[in-house]
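Source: prediction; values computed, not measured.
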Amino acid sequence: VPALPMDDEDFRSIAEDFVARLDDQLGDMDQAIENEDFKTLAGLAHWLRGAGGTVGLPAFTAPAQKLEDCAEQELLEEIEETLAELRDIQSRVKIPKFAN
């Protein structure tokens, strides 16, 4: 659950937007890996590192940093392992709903 105050509609919207974008970004990461476009992958990982922290989901920070580092070094096996870890974290993200 994001650390932002989820009972605030604006903050909840920010977190929901992040979750929606995260799915697209992880798909873009898959495409970058398939194309061996390590520069793009590093940029996507950098986005995730910053955005995850900003929305109060620090669980993304360390693995995203690792993915960025591995992309810069073109370490494909570690990249795939780290992306799997990020997908696991993604599967556990919950955005609570509040009645207005």
Distance check, rounded to the nearest 0.5 Å: [X] atom [atom1] versus [Y] atom [atom2]?
X     : Y     : atom1 : atom2 : answer
Ile95 : Ser13 : CD1   : OG    : 10.5 Å
Leu86 : Lys66 : CG    : NZ    : 10.0 Å
Leu76 : Glu81 : CG    : CD    : 10.0 Å

Exercise. Has the side chain of Arg12 got a donor or acceptor atom that lies under 3.5 Å from a matching backbone atom of Met6?
Worked result: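 Pair found, side chain donor or acceptor close to backbone of Met6.
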Exercise. Short question: side chain of Thr82, backbone of Glu78 - any donor-acceptor pair under 3.5 Å?
Worked result: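 At least one qualifying donor-acceptor pair exists.
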Minimum-distance pair of heavy atoms, taken over all atoms of [X] and [Y]:
X     : Y     : value
Val55 : Pro2  : O-CB, 3.2 Å
Ser91 : Lys94 : O-NZ, 3.6 Å
Ile79 : Ala71 : CD1-CA, 3.8 Å
Ala59 : Ile89 : O-CD1, 3.3 Å

Exercise. According to a 4.5 Å side-chain heavy-atom criterion applied to Ile, Leu, Val, Met, Phe, Trp and Tyr, with indirect links allowed, do Leu57 and Leu4 form part of one hydrophobic cluster?
Worked result: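 In one cluster: yes.
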Exercise. Are Ile33 and Leu48 co-members of a hydrophobic cluster defined by side-chain heavy atoms under 4.5 Å apart?
Worked result: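 Shared cluster, yes.
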Exercise. Could you give all pairs that pass the salt bridge (Lys or Arg N to Asp or Glu O under 4.0 Å) test and reach residues 14-30, with sequence neighbours left out?
Worked result: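 Every pair satisfying salt bridge (Lys or Arg N to Asp or Glu O under 4.0 Å) with a residue in residues 14-30: Glu16-Lys97, Asp30-Arg87.
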For this session: For Asp69, enumerate each residue passing the salt bridge (Lys or Arg N to Asp or Glu O under 4.0 Å) test, keeping only those at least two apart in sequence or located in another chain.
Result: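 Applying salt bridge (Lys or Arg N to Asp or Glu O under 4.0 Å) to Asp69 gives none.
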Tabulate below the donor-acceptor pairs under 3.5 Å that side-chain atoms of residues 36-45 make, not counting sequence neighbours, or state none.
residue : atom : partner : partner atom : Å
Asp37   : OD1  : Thr40   : N            : 3.1
Asp37   : OD1  : Thr40   : OG1          : 3.1
Asp37   : OD2  : Thr40   : OG1          : 2.7

Exercise. Are Phe18 and Trp47 close enough that their ring centres sit under 6.0 Å apart?
Worked result: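 Yes - the distance between ring centres of Phe18 and Trp47 falls below the 6.0 Å cut-off.
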For this session: Answer yes when Asp88 and Arg92 have at least one side-chain N-carboxylate O distance shorter than 4.0 Å, and no when they do not.
Result: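 Between Arg92 and Asp88 there is a salt bridge, with a charged N closer than 4.0 Å to a carboxylate O.
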For this session: Using a 4.5 Å cut-off on heavy atoms from C-beta on, say whether the side chain of Val19 contacts that of Gln90.
Result: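 Counting from C-beta outward, Gln90 and Val19 never come under 4.5 Å.
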